[in-house]
Amino acid sequence: MTAPVRVRMAPSPTGFLHIGNVRTALFNWLFARHHGGEFRLRIENTDTSREVAEATEQIQESLRWLGLDWDGEVTFQLDRIAECAELARRLVEEDKAYEDEGAIRFRMPDEGVTAWEDAVRGPIEFPNEKLEDLVLVRSDGRPTYNFASPMEDVWDGITHVIRGEDHISNTPKQINLIRAVGGELPVYAHVSFVLGADGKSLSKRHGSVTVDDFRHEGYYAPALVNFLALLGWSYDDKTTIMSRDELVERFDLGRVVPSPATFDYQKLDWMNGVYLRALREGEYADELVRYLRETGHDWDEQLVRRAVPIVQEKIERFGQFPDFAGFLFRDVHPDPAALDGRVAIVAAARDELQEVEPFAAPEIESALRALAARLELSPRKAFEPIRIAVTGSKVSPGLFESLELLGKEETLRRLSAVVATV
RNA sequence: GCCCCCAUCGACUAGCGGCCCAGGUCGCCACCCUUUCAAGGUGGUAGCGCGGGUUCGAAUCCCGCUGGGGGCACCA
């Protein structure tokens, strides 16, 4: 039996989960699940304020939403202050560290190089003369990140440290520290950053950045996971859409590329659309209903569910639903300019639809097509003012189905309202 | 300033010396379908940063340059 794999995600509890960190977390998770190992969640906190508690809960909620489950209890760096202090004392006794104005510093080697085989970048080495003696414990007694983090990795039996490339220059320091305490070195894998279209690191001005942002925009978690997995990793030269299970089965750290990736919102939108269209109607409805509740749209659930067939093929994010199908739930205010005086058509449609029974899509369609023919207008020309009058927009779900859902009474009311105002 | 990382179409990537006058996906363009918008179908556009090597042969290996990025805290 090979040694079990154990990885961790170690966010600092400073706020919402950034999508770049999520991508790193996802790689950790995929790696762990692929190898049947463990994925731990460790909070790198330095205090116990209320903000920390909230951020910690926020991080967990985001991971849950994405379906990235972790093993064991969440651990906190702060809980290991005592162990760190004791270890630092031992290092001083062994003359591997020394006191410096109340703080404890570790003696870094002065000659040679510190090197490791990075699982995504290959060999990396740093000249030791560039390594400064590292503060392990501050004068107030708290351990520093570069001391606590590698020690926790050792104590937790972390086998693979998969983290952002900003930690590359910390690695030689941490390696020397682990060697000094006689700990087992993990395998290091430094993944690149996720950038915005301007080549700068992804921030709010680029669009959504936190998991919460994407959730509120109406992205579907499995699609986001699929998209993120492909940011810096690929299975082969042609596979794009992969289920969670397929990702787990196929993920391979060796196929993670070292170069930074630009986050392409358009491709995410496309992929989200692919996932949403593939959902079974009932499943789509459940997700949509949940999304609308979360975003504060208190709309009739039955009507939302009935609207699914006319929107599923049309929108790529749940966030587009309120604009696209909102006319079913609230009154509209057609723009007279958009109508451009074509009230006669609206009036004719009202008269025509008055007679339609039952008020169902097929009957509505034949009535309106007959009307268009009578007016000697192309369906395109004839339907536009009707669409505007009823949905308030030039863009909407299929007209006939929309009218059926809206109901005869409300449809006639909206058509009449337009006729009356002009 | 010093140290480190990175470099294939606009974007994500395949490629790990000959299968590549570079393949897939998104985007974009055109056409088809069509009640709008989508979806779908067909076709197309576009790339190995530059310069030296190594080799019979280089997108692939080596060196330099250039251009990006990161790090040099008693932050994480």
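Reckoned from all heavy atoms, side chains included, excluding hydrogens, waters and symmetry mates. Please read these numbers as outputs of a predicted model, since none were measured by experiment.
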Distance check, C1' atoms only: B/rC63 and B/rG71, in whole angstrom units. 25 Å
Atom NZ of A/Lys267 and atom P of B/rG24 are separated, to the nearest Å, by 13 Å
B/rC20: pairing nucleotide in any strand, Watson-Crick or G-U under 3.5 angstrom: none
Distances under 3.5 Å only, N/O to N/O: pair up the protein atoms with those of nucleotides 48-51 of chain B.
none

Are A/Lys394 and A/Asp335 within salt-bridge range, i.e. N to O under 4.0 Å? no
Heavy-atom nearest pair, A/Leu177 first then A/Pro150, reads CD2-CG, 4.4 Å
Which atom pair, heavy atoms only, marks the closest approach of A/Phe31 to A/Phe251? N-CD2, 3.8 Å
Only pairs with both distances under 3.5 Å count, Watson-Crick or wobble alike; so what is the partner of B/rG10 in this structure? B/rC26
Closer than 4.0 Å, any side-chain N/O of A/Arg142 to the OP1 or OP2 of B/rC74? no
Enumerate the protein-to-nucleotides 35-39 of chain B contacts in which both atoms are nitrogen or oxygen and the separation is below 3.5 Å.
{"residue": "B/rU35", "atom": "OP1", "partner": "A/Arg369", "partner atom": "NH1", "Å": "3.3"}
{"residue": "B/rU35", "atom": "OP1", "partner": "A/Arg369", "partner atom": "NH2", "Å": "2.6"}
{"residue": "B/rU35", "atom": "O2'", "partner": "A/Arg387", "partner atom": "NH2", "Å": "3.2"}
{"residue": "B/rU35", "atom": "O2", "partner": "A/Arg387", "partner atom": "NH2", "Å": "2.6"}
{"residue": "B/rU36", "atom": "OP1", "partner": "A/Arg380", "partner atom": "NH1", "Å": "3.3"}
{"residue": "B/rU36", "atom": "OP1", "partner": "A/Arg380", "partner atom": "NH2", "Å": "2.9"}
{"residue": "B/rU36", "atom": "O2'", "partner": "A/Lys394", "partner atom": "O", "Å": "2.9"}
{"residue": "B/rU36", "atom": "N1", "partner": "A/Arg387", "partner atom": "NH2", "Å": "3.4"}
{"residue": "B/rU36", "atom": "O2", "partner": "A/Ser396", "partner atom": "N", "Å": "2.8"}
{"residue": "B/rU36", "atom": "O2", "partner": "A/Ser396", "partner atom": "O", "Å": "3.1"}
{"residue": "B/rU36", "atom": "N3", "partner": "A/Arg387", "partner atom": "NH1", "Å": "3.3"}
{"residue": "B/rU36", "atom": "N3", "partner": "A/Ser396", "partner atom": "O", "Å": "2.6"}
{"residue": "B/rU36", "atom": "O4", "partner": "A/Lys314", "partner atom": "NZ", "Å": "2.8"}
{"residue": "B/rU36", "atom": "O4", "partner": "A/Gly398", "partner atom": "N", "Å": "3.4"}
{"residue": "B/rC37", "atom": "N3", "partner": "A/Lys314", "partner atom": "NZ", "Å": "2.3"}
{"residue": "B/rC37", "atom": "N4", "partner": "A/Lys314", "partner atom": "NZ", "Å": "2.8"}
{"residue": "B/rA38", "atom": "O2'", "partner": "A/Glu313", "partner atom": "O", "Å": "3.4"}
{"residue": "B/rA38", "atom": "O2'", "partner": "A/Lys314", "partner atom": "O", "Å": "3.1"}
{"residue": "B/rA39", "atom": "O3'", "partner": "A/Arg277", "partner atom": "NH1", "Å": "3.4"}
{"residue": "B/rA39", "atom": "O2'", "partner": "A/Glu313", "partner atom": "OE2", "Å": "2.8"}

Checking all strands, does A/Asp118 fall into the base, sugar-phosphate, or nothing category for heavy-atom contacts under 4.0 angstrom? nothing
Before accepting this row, confirm whether a basic side-chain N of the pair A/Arg280/A/Glu283 lies closer than 4.0 Å to the acidic partner's carboxylate O. yes
Classify A/Lys200 by what it touches in the nucleic acid, base, sugar-phosphate, or nothing, heavy-atom distance under 4.0 Å. sugar-phosphate
Counting side-chain heavy atoms from C-beta on, which of B/rG70, B/rC3, B/rC74 comes nearest to A/Pro127? B/rC3
On the nucleotide B/rU25, are OP1 or OP2 found under 4.0 Å from the side-chain N or O atoms that A/Lys238 carries? no
Say you pick atom P in B/rG52 and the same atom in B/rC12; how far apart are they, in whole Å? 28 Å
Which nucleotide, in any strand shown, forms a Watson-Crick or G-U wobble pair with B/rA58, with both distances under 3.5 Å? none
Using the P atom on both, measure B/rG47 against B/rA11 and round to a whole Å. 12 Å
Plane angle bin for A/Tyr220 and A/Phe318 - parallel if under 30°, tilted between 30 and 60°, otherwise perpendicular: perpendicular
Roughly how far apart, to the nearest Å, are B/rU8 and B/rA14 at atom C1'? 10 Å
A/Arg8 and A/Asp156 ion-paired at < 4.0 Å: no
Residue A/Ile124, side-chain heavy atoms: nucleotide from B/rC4, B/rG70, B/rA76 that is nearest: B/rC4
Provide the Watson-Crick or G-U wobble partner of B/rC50, both distances under 3.5 Å; none if there is no partner. B/rG64
Verify, without hydrogens or angle tests, whether A/Asp133 (side chain) and A/Arg107 (backbone) share a donor-acceptor contact under 3.5 angstrom. no
Whole-Å P distance, B/rA30 and B/rU45: 15 Å
Nucleotide forming a Watson-Crick or wobble pair with B/rC72, both distances under 3.5 Å: B/rG1
Under-4.0 Å side-chain N/O to phosphate OP1/OP2 contact, A/Thr144 with B/rC74: no
Answer yes or no: is there an ion pair linking A/Lys200 with A/Asp198, defined by an N-O contact shorter than 4.0 Å? no
For A/Asn21 and B/rG70, give me the distance from atom CG to atom P, rounded to whole Å. 15 Å
Closest-nucleotide 5' rank along RNA chain B - winner of A/Ser192 and A/Thr240: A/Ser192
Is a salt bridge present between A/Arg215 and A/Glu61, judged by a nitrogen-to-oxygen distance below 4.0 Å? yes
Can you figure out which of B/rC6, B/rC2, B/rC4 approaches the side chain of A/Pro258 most closely? B/rC6
C1'-based separation of B/rA46 from B/rC21 [nearest Å]: 15 Å
Rounded distance in Å - OH (A/Tyr265) to P (B/rC12): 14 Å
Pairwise 5' ranking along RNA chain B for A/Thr262 and A/Glu132, keeping only the more 5' one: A/Thr262
For the P atoms, the ones on B/rC26 and on B/rG68, what distance do you get once it is rounded to whole angstrom? 31 Å
Going by purine N1 to pyrimidine N3 plus the second Watson-Crick contact, or the G-U wobble pair, all under 3.5 Å, which nucleotide sits opposite B/rC37? none
A/Leu268 and side chain to side chain contact (heavy atoms under 4.5 Å, CB included): which single residue from A/Ile19, A/Leu224, A/Leu228 fits? A/Leu224
Please work out if A/Ala103 contacts a base, only the sugar-phosphate, or nothing of the nucleic acid, heavy-atom cut-off 4.0 Å. base
Using a heavy-atom cut-off of under 4.0 Å over every strand shown, decide if A/Arg163 touches base, sugar-phosphate, or nothing. nothing
Quick one: label A/Asp269 by what it contacts on the DNA or RNA (base, sugar-phosphate, nothing), any heavy atom closer than 4.0 Å. nothing
Does the side chain of A/His18 pick up a donor-acceptor pair with the side chain of A/Asn21 at under 3.5 Å? no
Closest to the A/Val257 side chain: B/rU25, B/rG70, B/rA14? B/rA14
By the 4.0 Å heavy-atom rule, please label A/Asp140 as base, sugar-phosphate, or nothing. nothing
Is any side-chain N or O of A/Ser169 under 3.5 Å from a base N or O of B/rC3, one able to act as donor and the other as acceptor? no
Write down the distance between CD (A/Gln266) and C1' (B/rC26), rounded to a whole number of angstrom. 8 Å
Charged N to carboxylate O below 4.0 Å: is that the case for A/Arg414 and A/Glu410? yes
Counting heavy atoms from C-beta on, name the nucleotide in B/rG70, B/rG10, B/rC74 closest to the side chain of A/Arg105. B/rC74
Can you check the distance between B/rU60 and B/rG18, where both ends of the measurement are the C1' atom (answer in whole Å)? 11 Å
